[in-house]
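Heads up, the thing below is written out as structure tokens.
As the structure is a prediction and not an experimental result, all values here were calculated from the model. Note that ligands are numbered from 1 as they come in the structure, with each ligand's atoms numbered from 1 the same way.
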Amino acid sequence: VTAPPIEWVGDEGGVLRVLDQTLLPNEERRIDLSDVDAAIDAIRRLVVRGAPMIGVAGAYGVHLAVRSDPARDAAAFSSALDAAVSKVGSARPTAVNLKWAVDRVREAAASFRDVASMKRAVFDEAARILDEDRRACDAMASYGVALFRKKERVLTYCNSGALATAGVGTALGVVLEAAKKGLVERAYACETRPLLQGARLTMWELMRSGVDATLLCDNAVAELMRRGGVDRVLVGADRIAANGDAANKIGTFGVALAAAAHGVPFHVVAPLSTIDLETKTGADIPIEERGDDEVLAFRGARAAPEGAKAFCPAFDVTPAKLVASLVTDAGVVERPDEAKVRALFSKARA
Ligand code: MRU
């Protein structure tokens, strides 16, 4: 049994051990993060990535920031904790799981009055977030598998598997679970330029699981669909607005448009921790801009003339009207809209 791609090793004085995803699929190397700056750097460089996994790394990042804090009273510790929460919480802007996780850790500490208990609460809450995400993935996988009508040809984008979560994944978790049940004829992974999370990470996960997997470049999606090659699209999300608009890796919107043009059902699979009721619509979702080099070069080799300009949004927003259903850990919402999304939360809280 290989180690999970993210795990806490040891007691409160331990380390966050992560698989360095920048090196996959060529090298499987784990690194130990033992201070907050290392955790933030790992999140920014996409050593750890994927919305729920960023949340888990962020929660433990806050623990790393405050575990040796010299504060003697609750007030002083709370200000150190607030500073850590805002520093870690802003490492990447789009995946709301990060903000959600660091806020949860802060709230967990708020019910205690002594520093030792507050520190313990931060650590315990980070562990709880990891564990809950693992279980949320299992729930999404079982709801998602119920969508399959026959042995299907499914297409996915970016990476939303075990490398993006603390469990089996969101959309890719559904694909892997469906494959186990004999419901996947073939899985298509889109390359996902510029950083190839599909080619490097999704193909790695699919092939290790023995799924019949085929890689296509992002601009081949419409042609594959025109040939009738895709029965269903499943993607993850980094933030879902209250009205069901869903931000995911840049290029997802184009896949949704191609799916709509060919009558292929397009599903978004994400835990409740990715849904942000405070973000009203997709237009309010902050979209991360990454460095020009990610587009202008590939693995250090220049791909465009010296001095070229680049457009580098890391995410785009698929409008809710293109989403056949939203598969969450609390159930499935067909044709999502604000009333249905809010009702899902009320049901989950009840
Ligand atoms: O920039 P990344 O690799 O963190 O982007 C990840 C994605 O867009 C995933 O599809 C998303 O987080 C949902 S999967 C859990």
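For ligand 1, the polar-atom distance check against Thr165 finds no nitrogen or oxygen pair separated by under 3.5 Å. Checked by distance only, ligand 1 and Gln197 come closer than 3.5 Å through their nitrogen or oxygen atoms. Polar contact check, Arg49 against ligand 1: a nitrogen or oxygen pair lies under 3.5 Å apart. For a threshold of 3.5 Å applied to N or O pairs, the pair formed by Ile54 and ligand 1 contains no separation below that value.
The nearest heavy-atom contact from the protein to atom 7 (C) of ligand 1 is Asp238 OD1, 3.3 Å. Distance from atom 4 (O) of ligand 1 to its nearest protein heavy atom, with residue and atom name: Arg92 NH1, 2.8 Å. The protein non-hydrogen atom at the shortest distance from atom 14 (S) of ligand 1 is Ser160 CB, 3.2 Å. Taking atom 5 (O) of ligand 1 as the reference point, the nearest protein heavy-atom neighbour is Lys249 CE, 3.3 Å.
For Glu334, the CD atom sits in a loose shell: 12 or fewer heavy atoms of surrounding residues, nucleotides or ligands are nearer than 6.0 Å.
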task = Could you go through the side-chain contact (heavy atoms from CB on, under 4.5 Å) check for Leu155 and Cys190 one step at a time?
result = CA-CA 8 Å; Leu155 181 138; Cys190 298; 3.8 Å; yes
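When heavy-atom distances to ligand 1 are checked against a 4.0 Å cut-off, Tyr157 has no atom that comes that close, whether in backbone or side chain.
Close approach of ligand 1 to Asn248 (heavy-atom distance below 4.0 Å) involves ligand atoms 7 (C), 8 (O), 9 (C), 10 (O), 11 (C), 13 (C). Taking every heavy atom of Thr170 and a limit of under 4.0 angstrom, the matching atoms of ligand 1 come to 14 (S), 15 (C). Shown in contact with Asn159 at under 4.0 Å from a heavy atom are these atoms of ligand 1, numbered in order with element: 9 (C), 10 (O), 14 (S). Interface atoms of ligand 1 facing Ala51, defined by a heavy-atom separation under 4.0 Å, are 12 (O).
The line from OG of Ser68 to NE2 of His63 is 8.0 Å long, rounded to the nearest 0.5 Å. Glu289 contributes atom CD, which lies 6.5 Å from atom SG of Cys312 (distance to the nearest 0.5 angstrom).
Among Gly236, Pro52, Ala246, the residue whose heavy atom sits closest to atom 15 (C) of ligand 1 is Pro52.
Arg232 forms a cation-pi arrangement with Phe148, by the criterion of a distance under 6.0 Å to the ring centre and an angle within 45° of the ring axis. Both tests hold for Arg208 against Trp204: distance to the six-membered ring centre under 6.0 Å, angle to the ring axis within 45°.
Under a 4.0 Å heavy-atom criterion, Gly50 is in contact with ligand 1. At least one heavy atom of Ala237 sits closer than 4.0 Å to an atom of ligand 1.
Salt bridge Lys280/Glu338: present, at least one basic N to carboxylate O contact under 4.0 Å. In this structure, Asp37 pairs ionically with Lys87, as a charged nitrogen and a carboxylate oxygen lie closer than 4.0 Å.
The hydrophobic clustering, which links ILVMFWY residues whose side-chain heavy atoms are closer than 4.5 Å, places Val62 and Val96 apart. Met203 and Leu224 are members of different hydrophobic clusters when ILVMFWY side chains are connected at heavy-atom separations under 4.5 Å.
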